[in-house]
There are 2 protein chains.
Amino acid sequence: MAKKELDLSTEEKIKEAARKVFTEKGFSAARTRDIAEEAGMNLALLNYYFRSKERLFDIIMIENIQKFVVAVKGILNNESVPLKMKVEQISSNYIDMLVLNPDLPLFILSELRANPERLIDRLGVKGFLFKSHYFKQIKEAAKNQEVNSLHFFINTMALIVFPFVASPLLKTIGDIKQDEFTKLMLERKKLVAKWVEAMLKAK
Amino acid sequence: MAKKELDLSTEEKIKEAARKVFTEKGFSAARTRDIAEEAGMNLALLNYYFRSKERLFDIIMIENIQKFVVAVKGILNNESVPLKMKVEQISSNYIDMLVLNPDLPLFILSELRANPERLIDRLGVKGFLFKSHYFKQIKEAAKNQEVNSLHFFINTMALIVFPFVASPLLKTIGDIKQDEFTKLMLERKKLVAKWVEAMLKAK
DNA sequence: GTCTATAGCGCGATAGAC
DNA sequence: GTCTATCGCGCTATAGAC
């Protein structure tokens, strides 16, 4: 425990390097040699600590997905927080996390495409969303609307996550620098809840 | 010309197969052997018609990106169409196209991450967006808002594209079947413009 | 635990017969 | 144009010295 925190163990160095290389290139394009080099050590150690490239990848991926769970844990089912404030908290937490890990959503979504259920099953979040108090609140707020309330859940996620997924395009097409992009994203922490509220009231 | 349309040439068969395999697996995970098999022919023919895997990929990718351009060509700069109607047309065209090619956005965005400018440069759409009449209209509509009007361009794209990017997750977490998903998406053809309008007016 | 060296194999690409 | 057979490389994984 204390020892690990002191010397940042070899195992942790490898994981750090793997996180970086996998996130940048995806599973198939990433090479174990890249990861070893990034970690400043030999290739053979990767297979000593983790049995294979695939096992290392799974560990990283699970941890990445957990970041999405952790960021809203404790918020979703807090029954004393009204919807608008809840959306504000969710946006704020997610955007802060995504500014630090901007490649995360695109990485997760593109790697999930190949085998969606293998990884999701292992997390046990299958019905999680629909059972949450948050989803009940959306339903309640959208009940005077004639459309499926799932749309508003999708829209909220879209406003929070999409800019990060599309950032390579935005930056290139719009000629936006990294710090401008970050500034724009931080502005959205307050705006998303306002926009969601407006959509819920729209007619 | 006429000949090609009649027999659906070998070259076209390969491109069709490549489109499918690349879109499903991404460049690195796709194998030329898969493409050849999918096209019902031998691996050697791939290199006879296209010099290499990379050249074949580039051709497919360019065509894919073109689909996004084609879907809004003629709309963006039509000065006689008011903003709300323009957003309706854009949503409608894009959603129709995306229902037919649901994997397209995730494919393009994840492959673009590696080399953003190499492919975009070849298309000459660099300043395209900001010069468009559509963008001027957004600016005009958002001028009483205190925030960067770029947000509203991002939001519109988010509402249209994000559900398709996140569909593997939505389907798994939300237990949504393919035809339910398609039905939901088609509903959005009319809704997006309404929502964008509401966000523009929000305070 | 960490290294070097290499096994073993799957990949993209090509030579050459038809 | 289309096939079979094969080259040669680069990858993951492992054996074995230290």
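It should be emphasised that the depicted structure is a prediction, and the values quoted were computed from it without experimental measurement. Proteins get letters first, then strands, A, B, ... in listed order; numbering begins at 1 in each.
A distance of 12.0 Å separates CD1 in A:I75 from OG in A:S132, rounded to the nearest 0.5 Å. The NZ atom of A:K86 lies 7.0 Å from the CG atom of A:L76; values are rounded to the nearest 0.5 Å.
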Determine whether A:S110 and B:R113 satisfy the following criterion, side chain to side chain contact (heavy atoms under 4.5 Å, CB included), listing intermediate values before the conclusion.
CA-CA 11 Å; A:S110 59; B:R113 174 180 39 168; 3.9 Å; yes

Going through the checks in order, is the side chain to side chain contact (heavy atoms under 4.5 Å, CB included) test met by A:W195 and B:W195?
CA-CA 9 Å; A:W195 290 330; B:W195 291 330; over 6 Å; no

Taking it one step at a time, do B:F27 and B:M61 satisfy side chain to side chain contact (heavy atoms under 4.5 Å, CB included)?
CA-CA 10 Å; B:F27 176 78; B:M61 180 56 108; over 6 Å; no

Set out, in order, the CA-CA distance, both residues' side-chain angles and the distance that settles side chain to side chain contact (heavy atoms under 4.5 Å, CB included) for B:L159 and A:N155, then state yes or no.
CA-CA 6 Å; B:L159 293 179; A:N155 294 353; 3.5 Å; yes

Got a list of side-chain donor-acceptor pairs under 3.5 Å for residues 41-52 of chain A, not counting sequence neighbours?
{"residue": "A:N42", "atom": "OD1", "partner": "A:A44", "partner atom": "N", "Å": "2.7"}
{"residue": "A:S52", "atom": "OG", "partner": "A:E54", "partner atom": "N", "Å": "3.4"}
{"residue": "A:S52", "atom": "OG", "partner": "A:R55", "partner atom": "N", "Å": "3.2"}

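Residue pairs meeting the salt bridge (Lys or Arg N to Asp or Glu O under 4.0 Å) criterion with at least one partner in residues 91-103 of chain B, sequence neighbours excluded, are B:D96-B:K189.
For DNA chain C, the neighbouring residues in residues 42-50 of chain A, judged by any heavy atom under 4.0 Å, are A:N42, A:A44, A:L45, A:Y48, A:Y49. In the region residues 30-41 of chain B, proximity to DNA chain C at under 4.0 angstrom, judged on heavy atoms, holds for B:A30, B:R31, B:T32, B:R33. DNA chain C is contacted by no residue of residues 14-23 of chain B, taking any non-hydrogen atom closer than 4.0 Å.
Rounded to whole Å, the distance from CZ on A:F57 to P on D:dC11 is 18 Å. We find that CD of A:E11 is positioned 15 Å from C1' of C:dT2, with the value rounded to whole Å. Summarising the geometry, the separation between NZ on B:K53 and C1' on C:dC11 is reported as 8 Å, rounded to the nearest angstrom. Going from atom CG of B:L8 over to atom P of D:dG1 covers 15 Å, rounded to whole Å.
A distance below 6.0 Å separates the ring centres of B:F57 and B:F22.
Between A:K20 and A:E38 there is a salt bridge, since a side-chain N of the basic residue sits under 4.0 Å from a carboxylate O of the acidic one. Residues A:K171 and A:E180 are not paired through a salt bridge, judged by the lack of any N-O separation under 4.0 Å between the basic side chain and the carboxylate.
With A:F164 as the fixed residue, the ring-ring contact (aromatic ring centres under 6.0 Å, His included) test singles out one of A:F68, A:Y94, A:F181: A:F181.
Helix bend of the helix from C:dG1-D:dC18 to C:dC18-D:dG1: the angle between its two end axes, each built from five pairs, comes to 10° after rounding to 10°.
In terms of modelled atom types and a separation under 3.5 Å, the side chain of B:D34 and the main chain of B:A30 share no donor-acceptor contact.
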